[in-house]
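These numbers come from the heavy atoms of this one structure, side chains and all, not from hydrogens, waters or symmetry mates. Labels below follow one simple rule: chain letters A, B, ... track the order of the sequence lines, proteins then strands, and each chain is numbered from 1. Treat the numbers as computed from the prediction; the structure is a model and nothing was measured.
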Amino acid sequence: MEYNHRDIESRWQQYWKENKVYKAEINPDKPKFYVLDMFPYPSGAGLHVGHPLGYIASDIYSRFKRLQGFNVLHPMGYDAYGLPAEQYAIQTGQHPEVTTRQNIDRYRSQLDKIGFCYDWDREIKTCDPEYYKWTQWAFMKMFGSYYDKTADKAMPVSDLTAHFEKHGTDGVNAACGKEMTFTAEEWNSYSEKQKSDVLMNYRIAYLGNTMVNWCPKLGTVLANDEVSEGVSIRGGYPVEQKLMYQWCLRVSAYAQRLLEGLDRIDWTDSLKETQRNWIGRSEGAEMRFPIADSDVELEIFTTRADTVFGVTFMVLAPESSYVKMVTTPDRKEAVEAYLNEVKHKTERERMIEKTVSGVFTGSYAVNPLTGKKIPVWVSDYVLAGYGTGAIMAVPAHDSRDYAFARHFSLPIVPLIEGCDVSEASFDAKSGKMINSAGAELNLNGMEVKDAIAATKRFIEEKGIGKVKVNYRLRDAIFSRQRYWGEPFPVYYKDGVPHLLDESKLPLLLPEVDKFLPTESGEPPLGRAKEWHTEDGYQLELNTMPGFAGSSAYYLRYMDPHNDNALVSAEANGYWQDVDLYIGGTEHATGHLIYSRFWNKFLYDLGAVVKDEPFRKLINQGMIQGRSNFVYRIKDTNTFVSFGLKKDYDVTPIHVDVNIVSNDILDTEKFKAWRPEFNDAEFVLEDGKYVCGYAVEKMSKSMFNVVNPDDIVEKYGADTLRLYEMFLGPLEQSKPWDTNGIDGVNRFLKKLWGLFYKGGELLANDDAPSKESLKSLHKLIKKVGWDIENFSFNTSIAAFMICVNELSQQKCRSREVLGQLLVVLAPFAPHIAEELWHAIGHTSTIVDAQWPSFNEEYLKEDVVTMAVSFNGKARYNIEVAADTPRDIVEKIALEHEGAAKWLEGKTVKKIIVVPGKIVNIVVA
RNA sequence: GCCUGAAUGGUGGAAUGGUAGACACGAGGGACUUAAAAUCCCUUGGCCAUUACGGCUGUGUGGGUUCGAGUCCCACUUCAGGUACCA
């Protein structure tokens with residue numbers, strides 16, 4: 001009987017499915033283990049071989065944990081809301097739900113062929129009302145909460161209003177958009193609209209006027225992580241800044257907790273560092289600079305309080321509200337002209353040009369430490385959204401201020417001993433202070449670090465400013481002007497937003513005639529005829545962004561069909577959190593921040609038991625494409641082989657990788673590939689046409705897409721799984737190269753050959769030989785260690801070695817072969833299951849027990865040790881494994897070769913590494 | 001600019017500070033075959049030898065620590081990824 005992967009794999013996949021072998025249920029008698037993949041967005045292109053990489057790794061880990069006796073939760077689902085389906089709908093009129101369902105079906109069939117151990121009964125789709133009910137629910141809870149900084153957690157807004165009624169803002173310590181002060185009387189006299197506006201300043205989900213990334217081509221706003229270098233990540237369309245009234249989530253309130261939480265989770269240092277940078281905590285001081293002859297005070301933020309004696313001008317962001325207050329009448333025209341100029345520059349232009357520009361406002365600020373008057377300028381290098389939107393400029397010690405000062409010929413005062421500011425600023429935070437003495441504060445001679453501390457202390461004492469921590473992390477913009485997303489459970493009554501009653505959830509996405517904005521520029525939901533409450537109030541027209549549905553999906557898997565809660569206390573109490581999360585790094589500053597925020601919020605509510613959702617996270621590398629090229633001689637239809645192309649004037653042309661094998665082109669298939677190549681001619685080398693290659697993104701236009709279905713059809717799922725792991729370290733990005741897949745396929749055939757010869761089963765009940773046990777236990781030890789360390793590629797090498805050894809030993813022991821199969825089962829479950837039953841087992845290998853290895857079998861009787869002189873290996877000696885050190889030394893020195901290396905030298909010392917090395921140090 | 005990470009044969013990649021190149025691909029040679037495919041065996045970092053299970057050299061560059069460094073430390077070069085007028 002030959003190894004027939006088609007028959008074996010379909011048969012066992014069917015069996016696992018029918019018997020619900022992978023169903024996970026709460027079992028308090030067993031320890032739980034939750035393994036999660038980042039769920040995919042089902043795109044129209046289907047899966048290519050890069051997608052399953054992480055899924056295969058998590059599948060191996062899940063199966064391994066299960067064999068070890070854990071109750072494993074390993075679910076899968078779809079992040080089903082998204083722009084591509086909607087763009088497609090706009091073009092074709094096809095409802096996004098239809099497209100999405102088709103794509104999901106395609107994904108499912110592709111995934112099924114690879115033999116994953118998902119519990120499909122727990123499948124979720126973010127566009128399913130049963131699921132998005134809980135996305136809407138969480139939004140309502142956020143709307144109904146504010147962040148209390150004293151309690152350091154989210155609290156009900158009703159607590160806040162109760163406080164306002166009694167004490168106004170007195171004693172309130174809450175995260176908010178801007179500081180507010182009012183009395184209880186004032187609060188009580190406010191209209192409903194006014195109260196609503198005030199509360200928006202505190203709610204965790206709030207409506208706010210914010211500068212957003214507006215993408216006119218997509219007709220929607222985008223989050224910061226959906227934009228890169230001034231263009232949208234999806235589609236690559238230009239993005240501009242626009243002020244809009246939008247739903248936002250007060251993620252910034254959680255900045256400190258998001259930062260601290262990183263210390264308690266097992267993620268890579270680089271990913272944690274990326275998040276730390278994104279959160280961007282910086283400690284500094286806020287300081288007030290009064291404007292001369294005016295009541296206005298400029299509040300600025302600085303991390304370099306020590307440089308206050310070197311401030312030679314002030315700069316305001318163009319969007320800053322200070323600009324109007326300080327511009328003098330004679331400068332009004334110039335300032336307005338500048339603001340207008342800046343407004344019409346897109347983010348992209350600003351970034352590319354990076355030219356210095358600005359305008360003087362006509363006002364002067366007074367340095368509170370020196371009393372000197374300094375000019376106030378406006379420039380677009382200061383950002384409105386960070387700090388206070390105003391800075392004190394210290395050109396000697398900040399490169400941006402330096403460029404500005406040089407451009408406008410403003411003075412530069414060095415503050416650090418020995419620094420040279422004739423060519424560039426001195427930005428380093430080290431050295432001794434000079435030129436920094438005022439009437440009340442003298443920093444001269446201090447180290448920068450001490451000077452910063454001294455200045456902070458001084459300004460707090462004098463009431464000039466206060467110590468302040470700033471974060472770069474912004475609130476998340478939560479509105480999208482799109483159709484294909486979760487509707488907000490919100491309606492408007494007299495311009496005031498209200499929540500729907502919880503019993504009305506889920507609020508279903510309505511039908512529309514077209515998926516485009518309305519003529520009046522409203523989002524697509526403006527087209528829905530019945531889009532209002534029973535009593536006629538208008539429902540919210542925006543929908544939620546992509547990250548809404550993916551922020552808590554891991555919780556829903558714990559209890560996917562619960563209609564009364566996102567997750568029951570019982571299910572959450574048992575499954576707790578994700579023990580292992582596998583996915584790409586591209587989510588580092590998007591999903592992985594939002595999820596952590598969302599989870600912490602739910603934790604504050606008491607809805608979940610863990611405040612960090614993902615205990616350990618592994619990032620699988622990206623699989624890039626490997627494109628092949630043919631070289632056409634200019635103005636001909638003749639193609640020249642790679643090695644000879646230098647002799648001709650050629651144009652490289654992408655060629656479909658599926659008609660190339662080991663970089664050799666199948667010239668007949670090439671002629672048939674496209675009509676224009678039908679009469680192609682070739683200049684060959686050694687009778688072959690050799691193609692060039694390049695590593696590029698895997699995409700249709702490069703003709704380098706490799707479909708997993710084709711691999712499964714030709715070699716089988718087990719071969720695909722092994723080969724994907726064998727390509728290299730999981731976390732490393734690498735190009736897909738089908739060359740080499742024969743190696744792992746041969747391995748599976750050899751494995752099969754251990755069990756069958758002809759049609760005859762070879763396994764027997766003979767006692768296993770000592771060397772077979774050694775081969776086996778070496779494998780068990782190695783693979784167990786490898787899986788825990790995600791070093792799957794080296795495991796596969798170990799399997800190959802083991803099978804070769806057992807084959808040479810003619811090992812047919814049922815016991816040894818059985819344990820080999822159990823160890824292999826996480827990697828190649830189909831063939832393992834098949835052979836497991838072939839040698840007489842009746843229960844599935846999925847439920848077998850991971851074998852423990854026995855060190856006794858691994859011990860060597862005789863070991864070979866390398867003898868080296870001054871570290872250079874010279875000859876080997878063989879000694880019994882338990883030979884004492886002094887005897888080993890003696891044997892090494894008595895070796896026939898020793899004399900040659902010892903001639904005329906004296907032995908200084910001998911280092912013995914048992915079982916490995918004897919190093920003789922000679923003079 | 002800043003932050004990560006990487007650099008080892010023709011290729012993908014192995015190596016708790018202990019004989020670098022496991023395992024695999026590719027290539028070359030051989031067996032079987034009318035032939036091909038499949039399968040099996042041998043060789044395969046470079047250089048020099050080939051009477052020798054022989055010598056030299058070798059993990060981006062230059063230093064250092066060590067009996068011993070691909071691995072640790074310092075400086076540098078190159079590449080990849082992330083991030084940026086964040087004061």
Please map the stems of RNA chain B, keeping only stretches of three or more Watson-Crick or G-U wobble pairs with both distances under 3.5 angstrom. B:1-7 with B:77-83, B:10-12 with B:23-25, B:26-31 with B:39-44, B:45-48 with B:54-57, B:60-64 with B:72-76
Hey, what's the ring geometry for A/F301 with A/Y386, parallel, tilted or perpendicular (30° and 60° as the breaks)? perpendicular
Hey, which sits more toward the 5' end of RNA chain B by its nearest nucleotide, A/S282 or A/K909? A/K909
Looking only at atom P, what distance separates B/A7 and B/A87, rounded to whole Å? 33 Å
Compare the minimum distances between each of B/C85, B/G18, B/G13 and the side chain of A/L383, then state the nucleotide with the smallest one. B/C85
Tell me if the CG atom of A/D263 is crowded by more than 12 foreign heavy atoms within 6.0 Å. yes
Of B/A87, B/G82, B/U4, the nucleotide closest to the side chain of A/T274 is B/G82
Using atom P of each nucleotide, how far apart are B/U66 and B/A15 to the nearest Å? 28 Å
Could you measure between the two C1' atoms, the one in B/U39 and the one in B/C32, and give it in whole Å? 9 Å
Contact pattern, 5' to 3', of nucleotides 19-27 of chain B - B, S or - by protein heavy atom under 4.0 Å: B--BBSSS-
If you compare all heavy atoms of A/V657 against all heavy atoms of A/S627, which two are closest, and at what distance to 0.1 Å? CG1-CA, 4.2 Å
Under the rule syn = chi within 90° of 0, otherwise anti, which is B/G9? syn
Answer yes if the side chains of A/S775 and A/Q809 hold a donor-acceptor pair under 3.5 Å, and no otherwise. yes
Side chains of A/T864 and A/N876: is there a donor and an acceptor less than 3.5 Å apart? no
Do A/N619 and A/T585 have side-chain N/O donor and acceptor atoms under 3.5 Å apart? no
Have a look at A/I911 and say if it touches a base, only the backbone sugar-phosphate, or nothing, with a 4.0 Å heavy-atom cut-off. base
Between B/G81 and B/C72, how far apart are the two C1' atoms, rounded to whole Å? 26 Å
For B/U11 and B/C47, measure between their P atoms and round to the nearest Å. 15 Å
What distance, rounded to whole Å, do you find between the two C1' atoms, one in B/U65 and one in B/A75? 15 Å
Kindly assign one of parallel, tilted or perpendicular to the pair A/F726 and A/Y723, based on the angle between their ring planes and the thresholds 30° and 60°. tilted
Side chains of A/S282 and A/N470, donor plus acceptor under 3.5 Å: no
Sugar-phosphate, base or nothing in reach of A/P729, heavy atoms under 4.0 Å: sugar-phosphate
Quickly work out the A/F426 CZ to B/G1 C1' distance and round it to whole Å. 16 Å
Within this structure, what is the OH-to-P distance between A/Y386 and B/C86, rounded to whole angstrom? 9 Å
Between A/Y471 and B/C86, is there a contact of a side-chain N or O with OP1 or OP2 at under 4.0 Å? no
Tell me what A/N870 touches on the nucleic acid: a base, only sugar-phosphate, or nothing, going by heavy atoms under 4.0 Å. sugar-phosphate
Taking the P atom in each of B/G12 and B/U8, what is the distance between them to the nearest angstrom? 8 Å
Tell me whether the side-chain N/O atoms of A/Q732 come closer than 4.0 Å to OP1 or OP2 in B/A6. no
Between A/R400 and A/D737, name the one whose nearest nucleotide on RNA chain B is closer to the 5' end. A/D737
A/W267 six-ring centre to A/R596 NZ/CZ under 6.0 Å and within 45° of normal: yes
Please state the C1' separation for the pair B/G28 and B/G10 - nearest whole angstrom. 13 Å
Approximate separation, where rounding is to 0.5 Å, of A/I801 CD1 and A/F747 CZ: 11.0 Å
Students often get this wrong, so: under 4.0 angstrom with heavy atoms, is A/R474 touching a base, only sugar-phosphate, or nothing? base
